[in-house]
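In what follows, a single structure is set out as structure tokens and then discussed.
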Amino acid sequence: MAVATVAALLAALGGALWLAARRFLGPSVQRLHGSEHSSLMHGKTVLITGANSGLGRATAAELLRLGARVIMGCRDLERAEEAAGQLRRELRQAGGPEPGPSSGGAGELVVKHLDLASLRSVRAFCQEMLQEEPRLDVLINNAGIFQCPYMKTEDGFEMQFGVNHLGHFLLTNLLLGLLKSSAPSRIVVVSSKLYKYGDINFEDLNSEQSYNKSFCYSRSKLANILFTRELARRLEGTNVTVNVLHPGIVRTNLGRHIHIPLLVKPLFNLVSWAFFKTPLEGAQTSIYLASSPEVEGVSGKYFGDCKEEELLPKAMDESVARKLWDISEVMVGILK
Ligand SMILES: NC(=O)C1=CN([C@@H]2O[C@H](COP(=O)(O)OP(=O)(O)OC[C@H]3O[C@@H](n4cnc5c(N)ncnc54)[C@H](OP(=O)(O)O)[C@@H]3O)[C@@H](O)[C@H]2O)C=CC1
Ligand SMILES: CC1=C(/C=C/C(C)=C/C=C/C(C)=C/C=O)C(C)(C)CCC1
């Protein structure tokens, strides 16, 4: 008995040491582009939704470092300005490009208000973009909400479907002209592996008959993939590409609606610290699809860890993708 207890304690201690060593001594993030690529994104304007937190913030930081001009589309201007201030300080400390009159926009960070839970806000944002921005080279549909209680957007859509899919659907459609006139340009869509558990039930897209927060998140992420594939088809020959990715499991604020008992929280924090990716690790595929010459001309594909991955048949169903597109047009009011 005593031997078993000692063995269990030793195993636990060994495991803890291994995890700590992995975090502290292991290679820090394998950055996609080292310093030799620090001008890769010079002259390019990138719009990132939800760039004040998590993956969006890390993506913004890295693309700024590569010389992009980054527009942060965020719903809370106070949180966004705070994040922008930190990003500018970090860039200066790292010796990144200094924005100024002669920098051609390199390293410049702009904050704009965008609430994807309001079609009015999306329209106002796009109008401002079209008035103020002469070009848009990369659009990163990153913002997302995860497993919230049943809530509706300003326009009466179930919140996860409304923000993760419909808000981005309208945003992308209204910015397509600018992306086309800036071609070659790219659209990057952040989905999730959890798409596998979703289905597009056209009879109840607003989840009024029943609401399951996990299913609705998965459905919104499946919609992200179907949207990407249908858009890629529609964009053939335009030199505007669109690809979709899953980032893995990443330690961000996405879990804000998951309620964990106070006493168990430290354990969850420890587990996430040990096993989840950091935001910079998780953002690598977004950064890759936004900037790498390797994916020039590649469109309609699904990526994880900077490599193309296979999709389940339900995410490649062209008739479902077309029907979802048509219904989304009606829902957001852009039916021609
Ligand atoms: N973290 C993970 O393990 C995984 C994440 N993903 C996906 O990654 C993407 C980024 O999430 P992540 O960085 O993890 O989470 P965070 O919660 O850290 O970031 C989400 C961002 O989306 C913004 N957002 C939420 N609702 C709206 C809205 N109505 N209008 C505009 N912006 C909004 C948030 O703004 P605010 O800060 O104001 O709330 C925040 O900036 C999401 O699409 C998510 O589904 C996919 C798989 C796994
Ligand atoms: C980090 C973290 C949490 C967990 C978040 C989780 C589990 C997020 C998972 C998101 C996924 C897998 C999204 C996929 O699309 C807690 C427990 C809320 C609180 C402690 C810190």
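The model shown is predicted, which means the values in this text are computed figures rather than measured ones. Read the numbers this way: they start at 1 and go in the same order the structure lists the ligands and their atoms.
Centroid-to-centroid, the aromatic rings of H246 and Y302 come within less than 6.0 Å. For Y217 and F161, the ring centers sit 6.0 Å or farther from each other.
If you look at ligand 1, the protein residues with a non-hydrogen atom under 4.0 Å away are G50, N52, S53, G54, L55, R75, R79, L114, D115, L116, A117, N142, A143, G144, V163, V190, S191, S192, Y217, K221, P247, G248, I249, V250, T252, N253, L254, R256.
Against a heavy-atom cut-off of under 4.0 Å, S192 is close to the following atoms of ligand 2: 14 (C), 15 (O). Annotation for ligand 2: atoms under 4.0 Å from non-hydrogen atoms of S272 are 1 (C). Atoms of ligand 2 lying under 4.0 Å from at least one heavy atom of L254, given by number and element, are 13 (C). Near I260, meaning under 4.0 Å from one of its heavy atoms, ligand 2 places the atoms 17 (C). Within ligand 2, counting atoms from 1 as listed, the ones closer than 4.0 Å to a heavy atom of F268 are 17 (C). Every atom of ligand 2 is numbered from 1 in the order shown, and the set under 4.0 Å from a heavy atom of N269 is 20 (C), 21 (C). Taking every non-hydrogen atom of Y217 and a distance limit under 4.0 Å, the qualifying atoms of ligand 2 come out as 13 (C), 14 (C), 15 (O). Each of the following atoms of ligand 2 lies closer than 4.0 Å to a heavy atom of L194: 14 (C), 15 (O).
Using modelled atom types, one finds a donor on one side chain and an acceptor on the other under 3.5 Å when comparing Q86 with R57. With hydrogens and angles left out, the side-chain atoms of Y150 and E208 include no donor and acceptor closer than 3.5 Å.
Ion pairing of K152 with E158 is absent here, as no side-chain N (NZ or NE/NH1/NH2) approaches a carboxylate O to less than 4.0 Å. The pair K112-E132 meets the salt-bridge criterion, since a charged nitrogen lies less than 4.0 angstrom from a carboxylate oxygen. With respect to R219 and D204, no salt bridge is recorded, no charged nitrogen being found less than 4.0 Å from a carboxylate O.
A cation-pi contact, defined as under 6.0 Å to the ring centre and within 45° of the axis, links K323 to F202.
The nearest protein atom to atom 4 (C) of ligand 2, hydrogens excluded, is given as F276 CE2, 4.2 Å; this is a heavy-atom distance. Here the protein heavy atom with the shortest distance to atom 5 (C) of ligand 2 is G255 CA, 3.9 Å. In terms of protein heavy atoms, atom 11 (C) of ligand 2 is closest to F146 CZ, 3.9 Å.
No side-chain heavy atom of F146 sits less than 4.5 Å from a side-chain heavy atom of R256.
For atom 18 (C) of ligand 2, the protein comes within 4.0 Å by at least one heavy atom.
Counting non-hydrogen atoms of neighbouring residues, nucleotides and ligands closer than 6.0 angstrom, the CD atom of E82 reaches no more than 12 such neighbours. Under a cut-off of 6.0 angstrom, the local environment of CG in L174 is crowded, with over 12 non-hydrogen atoms contributed by other residues, nucleotides or ligands.
Chaining together hydrophobic side chains whose heavy atoms lie under 4.5 Å apart leaves F215 on its own.
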